[in-house]
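These values consider heavy atoms only, across backbone and side chains, with no hydrogens, waters or symmetry-generated copies. Along the sequence shown, residues are numbered consecutively beginning with 1.
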Amino acid sequence: MNLPQKVRIVEVGPRDGLQNEKQAIPTATKIQLIDMLVDSGLNYIEAGSFVNPKWVPQMADSAEVFSGITRTAGVTYAALVPNLQGYERAISVKANEIAIFAAASEAFSQKNINCSINESIKRFEPLIAAAQAQKIPVRGYISCVAGCPYSGDVDPNLVAQLAQDLLAMGCYEISLGDTIGVGTAGQIKNLITAVSQKIPIDKTAVHMHDTYGQALTNIYASLEMGVSVVDSSIAGLGGCPYAAGASGNIATEDLVYLLNGLNIAHGVNLEKLIQAGNFISNTLNKPNQSKAAQALNNKCI
C-alpha cells in the first residue's frame, strides 16, 4: 500500500466551520480557538474570510480576529477572499496566505457568487497579480467536485480542467471540495485520476464534507492515490451557506485518529486538539461532532 509518510493538515474550522453558525460568536472566542488549535500543533489555520458580511455575517469580524491572534512562527494564518478588495482587506491585517474559490458547477457558481465559472476565474486575475507582486501564496478551492445541490452530478474532466486553470493562474495548490458530502470512494478515486492527468498529485489537496458519512473513507481513498494534504474542521463544525442540509467538514480529531492508526506523521497532539474541539462545542452549546472526541471524552475502550 503506497500511503504518504506525512500529511499536512489544513485546519478550516475557524472559517469554514464557524461561517454557518447562526448564533453570534464573540471575536475573543474565535481568537482563543485559533490559539488553542496552534497550541495543538496545527501549523495552517484558515482564520477568517473577507467576503461581503451581508452574505456571510459570521465572518464580519475577520479583521479583528486577525489583529487579535497571537502569532506563532512557522504558522500560516490564511484568509478566504473573493476579489481584489477582499484581498487588500486580508493583507492589511497581515494574513500571510489567501485562498480563492471557484465551483465545478455553473448552477452553484451562480447561486454562490452570482457569476459563471469563467467570470469567477477572470475576477481572480488582478487579485493573483497583486499577490504575486507581494509574494503572498494563493491556494485554490474547487467546490462541488463530487456533486452539486442544484444540478446533480459533476463531470470529473471539468474539475480537472478547472484545477489546471487555477494552477496556471498562480495557485500553488488546489483543494478539491466535496461541498455537499455526496462523494464515494470509487468516485473520488476516479476524480483524482482525472485531476492528476492535468496537475501533479503533490499540488492536490482534498476537502471532504461528511453529509453521508463518507468523508473518512474518501480521505483514505485519496491517501491511497498519493494525496498528502487534507483539509479538516475542528469538532466537525461547518456546512455550506448555499447547500441546505450539507454537514460539516471531516472533524480534525477524526482525521488525526485515522492518521495515527496508519503511522502517518502530522505533528498534531490529539489530546490538545480534543480540548480545542470541546471548547468551541461547549461555547456553541452543541455536542462535539467528532466520533474520536466523543469516544475519548467518554473514555471508551
Side-chain angles (χ1 to χ4, degrees), residues 1-13 16-17 20 37 40-42 44 46 141-147 156 159 175-193 195 201 204-240 243 245-274 276-278 280-281 286-298 300-301:
M1 194 183 306
N2 192 25
L3 295 172
Q5 293 185 323
K6 184 176 183 180
V7 160
R8 180 164 63 87
I9 298 174
V10 172
E11 174 58 57
V12 300
D16 195 18
N20 220 37
L37 292 170
S40 78
L42 289 161
Y44 189 112
E46 199 171 74
Y141 281 111
I142 303 177
S143 56
C144 295
V145 298
V159 178
S175 179
L176 306 175
D178 182 9
T179 311
I180 56 173
V182 296
T184 58
Q187 181 184 13
I188 296 303
K189 284 191 168 185
N190 290 337
L191 171 68
I192 292 172
T193 297
V195 171
I201 200 75
T204 305
V206 292
H207 180 108
M208 299 295 174
H209 285 243
D210 203 33
T211 312
Y212 283 78
Q214 301 299 299
L216 268 186
T217 306
N218 292 340
I219 288 167
Y220 186 79
S222 303
L223 297 175
E224 287 187 314
M225 298 294 288
V227 172
S228 61
V229 183
V230 181
D231 300 359
S232 61
S233 176
I234 188 69
L237 292 171
C240 177
S247 63
N249 203 299
I250 187 64
T252 309
E253 300 96 316
D254 294 350
L255 172 61
V256 166
Y257 188 81
L258 171 72
L259 297 176
N260 284 348
L262 295 169
N263 292 316
I264 295 175
H266 50 74
V268 179
N269 181 299
L270 180 57
E271 185 176 340
K272 287 186 174 183
L273 193 64
I274 289 173
N278 290 341
I280 191 61
S281 299
K286 60 167 58 176
N288 189 324
Q289 296 299 310
S290 160
K291 295 292 188 183
Q294 290 172 17
L296 291 167
N297 283 335
N298 295 323
C300 293
I301 295 172

S.K.: Could you give me the CA-CA distance, side-chain angles and deciding distance for S222 and I192, then say whether side chain to side chain contact (heavy atoms under 4.5 Å, CB included) is met?
M.R.: CA-CA 7 Å; S222 303; I192 292 172; 3.5 Å; yes

S.K.: Between V230 and I9, is any pair of side-chain heavy atoms under 4.5 Å apart?
M.R.: no

S.K.: Donor-acceptor pair, distance only, cut-off 3.5 Å: does the side chain of N249 make one with the backbone of H209?
M.R.: no

S.K.: Apply side chain to side chain contact (heavy atoms under 4.5 Å, CB included) to residues M208 and L255 and explain how you reach the verdict.
M.R.: CA-CA 11 Å; M208 299 295 174; L255 172 61; over 6 Å; no

S.K.: CD1 of I264 to CD of Q5: how many Å apart, nearest 0.5 Å?
M.R.: 9.5 Å

S.K.: What's the separation between atom CD in E11 and atom OG in S40, rounded to the nearest 0.5 Å?
M.R.: 8.0 Å

S.K.: Minimum heavy-atom separation for A235 to S281, with atom names?
M.R.: CB-OG, 3.5 Å

S.K.: Check whether any side-chain N or O of D210 sits under 3.5 Å from a backbone N or O of A215 as a donor-acceptor pair, and report yes or no.
M.R.: yes

S.K.: Distance check, rounded to the nearest 0.5 Å: D178 atom CG versus Y212 atom OH?
M.R.: 10.5 Å

S.K.: On a heavy-atom basis, which atom in T179 and which in S143 lie closest, and how many Å separate them?
M.R.: OG1-CB, 3.1 Å

S.K.: Give, for atom CG of L176 and atom CD1 of I142, the distance between the pair rounded to the nearest 0.5 Å.
M.R.: 6.0 Å

S.K.: Less than 4.5 Å apart, side chain to side chain, heavy atoms only: is that true for L259 and V268?
M.R.: no

S.K.: Can you find a heavy atom in the side chain of E224 that is under 4.5 Å from one in the side chain of N2?
M.R.: no

S.K.: Can you tell me if OH on Y44 sees more than 12 non-hydrogen neighbours from other groups inside 6.0 Å?
M.R.: yes

S.K.: Measuring only between side-chain heavy atoms, which start at C-beta, is L37 closer than 4.5 Å to L273?
M.R.: yes

S.K.: So do the side chains of V206 and V145 get within less than 4.5 Å of each other, counting heavy atoms only?
M.R.: no

S.K.: Kindly indicate whether the side chain of V182, heavy atoms from C-beta on, has any atom under 4.5 Å from the side chain of T211.
M.R.: no

S.K.: Can you tell me how far OH of Y141 sits from CG of D231, rounded to the nearest 0.5 angstrom?
M.R.: 4.5 Å

S.K.: Hey, could you give me the OG/CD distance between S232 and E253, rounded to the nearest 0.5 Å?
M.R.: 8.5 Å

S.K.: Determine, stepwise, if the pair T204 / V229 fulfils side chain to side chain contact (heavy atoms under 4.5 Å, CB included).
M.R.: CA-CA 7 Å; T204 305; V229 183; over 6 Å; no

S.K.: Side chain to side chain contact (heavy atoms under 4.5 Å, CB included) for L237 and K286? Distances and angles first, verdict last.
M.R.: CA-CA 10 Å; L237 292 171; K286 60 167 58 176; 4.1 Å; yes

S.K.: Applying side-chain hydrogen bond (donor to acceptor under 3.5 Å, both in side chains), run through N297 and N278 and close with a yes or a no.
M.R.: CA-CA 9 Å; N297 283 335; N278 290 341; 2.9 Å; yes

S.K.: Answer yes or no: is there a donor N or O on one side and an acceptor on the other, between the side chain of T252 and the main chain of S233, under 3.5 Å?
M.R.: yes

S.K.: For S290 versus A293, what's the shortest heavy-atom pair and its separation?
M.R.: OG-N, 2.9 Å

